[in-house]
> 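Got a structure for you, questions after.
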2 protein chains.
Amino acid sequence: MFQALSNPNRLKIFLQLIDCCPPGTRWEPDSACCAFVGDLTRILEIVPSTVSHHMKALRQAGLIKMRRRGKKIECWVDPEAVAALGRFFNRPGQAPAHSPAGIQNRCNGAQTL
Amino acid sequence: MFQALSNPNRLKIFLQLIDCCPPGTRWEPDSACCAFVGDLTRILEIVPSTVSHHMKALRQAGLIKMRRRGKKIECWVDPEAVAALGRFFNRPGQAPAHSPAGIQNRCNGAQTL
DNA sequence: ATTAATATTCGACATATGTCGAACTATCTA
DNA sequence: TAGATAGTTCGACATATGTCGAATATTAAT
């Protein structure tokens, strides 16, 4: 997944799609929940074949899902993949972003290279 | 940061370091909270110069920090970077990992490519 | 002062990656 | 059925990346 997100254009695609599917809303075929490949082509200003190439990479990484809808193909972020990545970085052993003053993380105190 | 984590060996280094610094513990110079570059060289089975190369990439990405300690150089994950990544994927608009049955995400229902 | 231990920098090189354009497939519409 | 629209696949090619070995710091120990 990190490999898939390491490319600037693929990251843009992902960011474009990630704000879909807010909680409590229903995904409907015509909602703004997902985008078509052609939309992304316009946004990124790269040729369709390259976009398609990137979509395939994102899909094979498990980050997005796609479905044909008529002539177009719609795509959206897989919410489960995002949740898994969230858990990965929100490790049980990890100090919270704003830790109480008394238990601040000592790694920050050291002078680093 | 994704670019830095996209390489298998760099990801291994990151995973090796990420379990340091549990909340409520103090980071001490001799604790297992951080590792030395030589340790990572042995674990990864690649030559020191390559490890050094990867450490530099991780450091420039803001994922790890390093400090000289005698002949060795110790390194640890920057907790703030991990927290930022956690926030990135735990988006406000994102459905939780185990959402209640009533508001399950419809993106999963569609048949995909 | 030498030597040993630890890590970095540099140059070389093979492989991976990103991009394009042309050809192709699939679907809709007239 | 023919043409238009939307994407994909393939081949080519330039660039980026990962790895190594040799040379170079930097520090500690003798």
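Below, read A as the first sequence line, B as the second, and so on, with proteins coming before strands; counting in each chain starts at 1. Because the structure is a prediction, the values reported are computed rather than measured.
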> Round to the nearest Å and state the distance from A:Arg67 atom CZ to D:dG7 atom P.
14 Å

> List, with names and distances, any nitrogen or oxygen atoms from the protein found under 3.5 Å away from nitrogen or oxygen atoms belonging to nucleotides 14-18 of chain C.
residue, atom, partner, partner atom, Å
C:dG18, OP1, A:Asn7, ND2, 3.3
C:dG18, OP1, A:Arg10, NH2, 3.1
C:dG18, OP2, A:Arg10, NH1, 3.1

> Round to the nearest Å and state the distance from A:Leu44 atom CG to C:dC20 atom P.
10 Å

> Any heavy-atom pair between the side chains of A:Ile43 and A:Lys12 that's under 4.5 Å?
no

> For residues A:Phe2 and B:Met1, determine if any side-chain heavy atom of one lies less than 4.5 Å from a side-chain heavy atom of the other.
no

> Just how far, in rounded Å, is C1' of D:dT5 from CZ of A:Phe36?
13 Å

> Test: salt bridge (charged side-chain N to carboxylate O under 4.0 Å, His left out). Region: residues 38-54 of chain B. Which pairs qualify, not counting sequence neighbours?
B:Asp39-B:Arg42

> Whole angstroms only, please: what is the CD1-P distance between A:Ile46 and D:dG7?
14 Å

> In whole angstroms, how far is the P atom of D:dA6 from the CG atom of A:Leu40?
14 Å

> Do the side chains of B:His54 and B:Val51 get nearer than 4.5 Å, heavy atoms only?
no

> Name the closest nucleotide to the A:Lys72 side chain, picking from D:dC20, D:dG7, D:dT8.
D:dG7

> With a 4.5 Å cut-off on side-chain heavy atoms, are B:Lys56 and B:Met66 touching?
no

> Is there a donor-acceptor pair under 3.5 Å between the side chain of B:Arg69 and the backbone N or O of B:Lys71?
no

> Looking at the side chain of A:Val47, which of C:dC20, D:dG21, C:dT8 is the nearest nucleotide?
C:dC20

> Is it true that a side-chain atom of B:Ser52 and a backbone atom of B:Ser49 form a donor plus acceptor pair closer than 3.5 Å?
no

> Hey, are the side chains of B:Cys75 and B:Leu40 touching, using non-hydrogen atoms and a 4.5 Å cut-off?
yes

> Reading nucleotides 24-30 of chain C 5' to 3', which nucleotides get B (base under 4.0 Å from a protein heavy atom), which S (sugar-phosphate only), which -?
---BS--

> Which nucleotide in the list C:dA7, C:dC10, C:dA22 gets nearest to the side chain of B:Ser49?
C:dC10

> Given D:dT9, C:dT9, C:dT8, identify the nucleotide with an atom nearest to the side chain of B:Lys56.
C:dT9

> When you measure from the side chain of A:Arg87 to the backbone N and O of A:Phe89, does any donor-acceptor pair fall under 3.5 Å?
no

> When the distance from CD1 of B:Ile73 to P of C:dA5 is rounded to whole Å, what number comes out?
18 Å

